[in-house]
Amino acid sequence: MNFAIVTLFPELVAQVGEHGVVGRAAERGIMSLGFENPRDYAEDAHRTVDDRPYGGGPGMVMKYEPAAAAIDAARERVPEGSPVVCLTPAGATFDQSVARRYAALPGLVLLAGRYEGIDERLIEAKVDEEISLGDYVLSGGEIAAMAVIDAVTRLLPGVLGDAESAEQDSFMDGLLDCPHYTRPESVAGRDVPAVLLSGDHAEIARWRYMQALGRSFERRPDLIDKLELDREQRALLDEYLEESGTDK
Ligand code: ADE
């Protein structure tokens with residue numbers, strides 16, 4: 001999978017490919033990162049990439065020509081059929097299903113805007129999709145692009161170990177993760193839940209699933225609504241609520 005990122009700060013975005021899971025995927029050639037900087041395509045002496053907004057108001061707007069040229073160059077870096085995605089708070093929300101859709105593509109061009117905005121004509125002419133990380137404003141699309149690259153790369157075949165990828169595909173889908181513990185068994189007066197020390201794998205799996213259901217119910221009821229629990233799941237959730245003393 002080839003990512004081509006259009007950004008005024010390529011050194012910032014490059015860091016996502018230098019560490020951890022994404023770093024290893026890049027080393028092994030499962031994915032690659034390429035960069036185009038609109039500043040390299042600015043034709044005036046000052047290498048101008050932004051200008052004042054028509055109609056007045058604060059801030060600056062990313063100019064059409066240098067960014068358009070950078071997008072065209074970025075498209076040359078990725079296979080046919082790779083969409084151009086603009087990171088913006090005005091986009092549709094990025095979630096795991098979008099990550100899965102992107103992971104099936106041969107590549108992506110990611111446009112990270114800066115300043116107060118991007119000339120709308122650039123979006124109309126060059127962008128296939130607008131994506132937001134969530135309802136808050138970042139200073140630019142770079143950190144959002146890094147999040148997309150990380151979430152998508154994790155889903156590429158061969159990036160995670162078998163056990164980890166099985167977990168991702170498993171029935172835990174659509175729920176928050178269960179809590180995790182490691183040694184020591186007792187710390188700061190708190191003990192590891194006894195079931196995790198039992199060696200009973202079926203019981204451990206059941207407990208983890210119950211915790212995932214319970215936490216999702218308490219913290220993200222919208223996830224539970226979306227799942228439409230069956231009777232078995234409902235019973236497990238009831239057991240969790242009873243044990244934790246929570247009202248239904
Ligand atoms: N750029 C600025 N804020 C953003 C957000 N919330 N998501 C994606 N790109 C952004």
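Order of appearance sets the numbers: ligands from 1, and atoms from 1 within every ligand.
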Trainee: For ligand 1, is there an N or O atom under 3.5 Å from any N or O atom of G134?
Mentor: yes
Trainee: Report yes if the side chains of L8 and N37 come closer than 4.5 Å at any heavy-atom pair, otherwise no.
Mentor: yes
Trainee: Quick test: of every protein heavy atom, which one is nearest to atom 6 (N) of ligand 1, and how far off is it to 0.1 Å?
Mentor: Y136 O, 2.8 Å
Trainee: What do you reckon, does D135 put a non-hydrogen atom under 4.0 Å from ligand 1?
Mentor: no
Trainee: Taking R52 for its side chain and P58 for its backbone only, find out whether a donor-acceptor pair lies under 3.5 Å.
Mentor: no
Trainee: Determine, considering heavy atoms only, which of G117, A144, G141 sits nearest to atom 8 (C) of ligand 1.
Mentor: A144
Trainee: Look at atom 4 (C) of ligand 1 and say which protein heavy atom is nearest, naming residue and atom and giving the distance to 0.1 Å.
Mentor: P89 CD, 3.5 Å
Trainee: Enumerate the atoms of ligand 1 whose separation from the nearest heavy atom of G140 is less than 4.0 angstrom.
Mentor: 1 (N), 2 (C)
Trainee: Does any N/O atom on L138 come nearer than 3.5 Å to any N/O atom on ligand 1?
Mentor: yes
Trainee: N/O to N/O below 3.5 Å, does that happen between T88 and ligand 1?
Mentor: yes
Trainee: Quick one: which ligand 1 atoms are inside 4.0 Å of a heavy atom on I131?
Mentor: 8 (C)
Trainee: Looking at D238 and R234, is any side-chain nitrogen of the basic one under 4.0 Å from a carboxylate oxygen of the acidic one?
Mentor: yes
Trainee: What protein heavy atom is closest to atom 7 (N) of ligand 1, reported as residue, atom name and distance in Å?
Mentor: L133 N, 2.8 Å
Trainee: Between R208 and E203, does any NZ, NE, NH1 or NH2 come within less than 4.0 Å of an OD or OE carboxylate oxygen?
Mentor: no
Trainee: Mind checking the CH2-CD spacing from W207 to E239? Nearest 0.5 Å is all I need.
Mentor: 12.5 Å
Trainee: Would you call K126-D72 a salt bridge at under 4.0 Å N-O?
Mentor: yes
Trainee: Heavy-atom count around Y54 OH within 6.0 Å, excluding the residue itself: above 12?
Mentor: no
